[in-house]
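Everything below concerns the one structure shown next.
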Amino acid sequence: VRVMEAPSALVVTVEIKEDRIDEFLAVITADAVGSRLEEGCLRFDVLRDKETANKFVFYEVYKDEAAIAVHKETPHFKPWMDFKASGGVIAQSVMKMSAINFSG
């Protein structure tokens, strides 16, 4: 009997440099839209803090860990990595979770 692996979820919290928010929004929108087209991506939401305009949360759910690895190799993911490398992110935290009661 094969036990189904729970989908893998990422909850990413970022704080963006205030003078780079417009650039960030363009980059993360392209990443989210492209990610949603990936076979292994079940959900990719971008949320903005109502009280602190430069804080955002990404809620991503993938079929499994392999789908996350594929995601990190896609062309739409690279601009996000480039944005981070250029210093646009003040702080970032990532929680890796199992989606045990998930509705896609």
Side-chain angles (χ1 to χ4, degrees):
V1 176
R2 182 169 181 242
V3 177
M4 291 294 294
E5 179 182 355
S8 294
L10 301 174
V11 178
V12 181
T13 303
V14 294
E15 184 177 352
I16 303 301
K17 285 189 174 177
E18 291 188 19
D19 63 343
R20 307 237 357 234
I21 290 176
D22 288 342
E23 179 186 357
F24 162 76
L25 289 172
V27 167
I28 202 60
T29 297
D31 188 23
V33 170
S35 297
R36 292 179 193 131
L37 298 175
E38 295 170 30
E39 182 181 336
C41 181
L42 305 177
R43 182 175 207 102
F44 195 121
D45 297 331
V46 178
L47 311 171
R48 188 176 202 169
D49 190 304
K50 287 185 175 185
E51 295 179 7
T52 309
N54 70 324
K55 289 187 179 180
F56 299 84
V57 172
F58 318 148
Y59 175 60
E60 307 172 46
V61 182
Y62 297 89
K63 181 175 64 175
D64 52 28
E65 290 293 323
I68 294 174
V70 167
H71 168 70
K72 290 180 177 179
E73 298 300 323
T74 60
H76 51 265
F77 183 75
K78 185 179 184 320
W80 167 238
M81 295 304 294
D82 292 345
F83 180 83
K84 290 196 316 181
S86 73
V89 178
I90 297 169
Q92 175 178 329
S93 68
V94 179
M95 291 191 313
K96 297 178 181 180
M97 313 184 93
S98 293
I100 58 171
N101 188 350
F102 169 74
S103 174

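We count residues from 1, following the sequence as given.
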Could you pull out the closest heavy-atom pair between Arg36 and Phe44, with the gap in Å? NH2-O, 2.8 Å

Keeping to residues at least two apart or across chains, list the salt bridge (Lys or Arg N to Asp or Glu O under 4.0 Å) pairs with something in residues 58-71. none

Which residues satisfy the ring pair (Phe, Tyr, Trp, His ring centres under 6.0 Å) test with Phe56, sequence neighbours excluded? Phe24

Following the transitive rule for hydrophobic clusters with a side-chain heavy-atom cut-off under 4.5 Å over Ile, Leu, Val, Met, Phe, Trp and Tyr, establish whether Leu25 and Val27 coincide in one cluster. yes

Contact between Asn54 and Thr52 at the side-chain level, heavy atoms closer than 4.5 Å - yes or no? yes

Under a 4.5 Å cut-off applied to non-hydrogen side-chain atoms, are Arg48 and Ile21 in contact? yes

Can you name the residues that form a side chain to side chain contact (heavy atoms under 4.5 Å, CB included) with Leu42, not counting sequence neighbours? Pro7, Val61, Phe102

Side-chain touch Phe83/Ile16, heavy atoms, less than 4.5 angstrom: yes

Residues passing the side-chain hydrogen bond (donor to acceptor under 3.5 Å, both in side chains) test with Ser86, sequence neighbours excluded, are Arg20

Taking the side chain as everything from C-beta on, heavy atoms only, tell me whether Ile68 gets closer than 4.5 Å to Leu10. yes

Show me the side-chain donor-acceptor pairs of residues 89-101 shorter than 3.5 Å, one per line, residues at least two apart or across chains.
residue : atom : partner : partner atom : Å
Gln92   : OE1  : Lys84   : NZ           : 3.3

Salt bridge (Lys or Arg N to Asp or Glu O under 4.0 Å) with Asp45: which residues, sequence neighbours excluded? Arg43

In Å, rounded to the nearest 0.5 Å, how long is the span from CH2 of Trp80 to OG of Ser35? 12.0 Å

Compare all side-chain heavy atoms of Phe58 with those of Leu47 and state whether any distance is below 4.5 angstrom. no

On a heavy-atom basis, the closest approach of Tyr62 and Ala67 is CB-CB, 3.9 Å

Can you run down the salt bridge (Lys or Arg N to Asp or Glu O under 4.0 Å) pairs that involve residues 7-19, sequence neighbours left out, and say none if there aren't any? none

Of all residues at least two apart in sequence or in a different chain, which pass the salt bridge (Lys or Arg N to Asp or Glu O under 4.0 Å) check with Asp82? Lys78

Derivation of the side-chain contact (heavy atoms from CB on, under 4.5 Å) call for Val46 and Thr29: CA-CA 8 Å; Val46 178; Thr29 297; over 6 Å; no

Taken to the nearest 0.5 Å, the spacing of Phe77 CZ from His71 NE2 works out to 5.0 Å

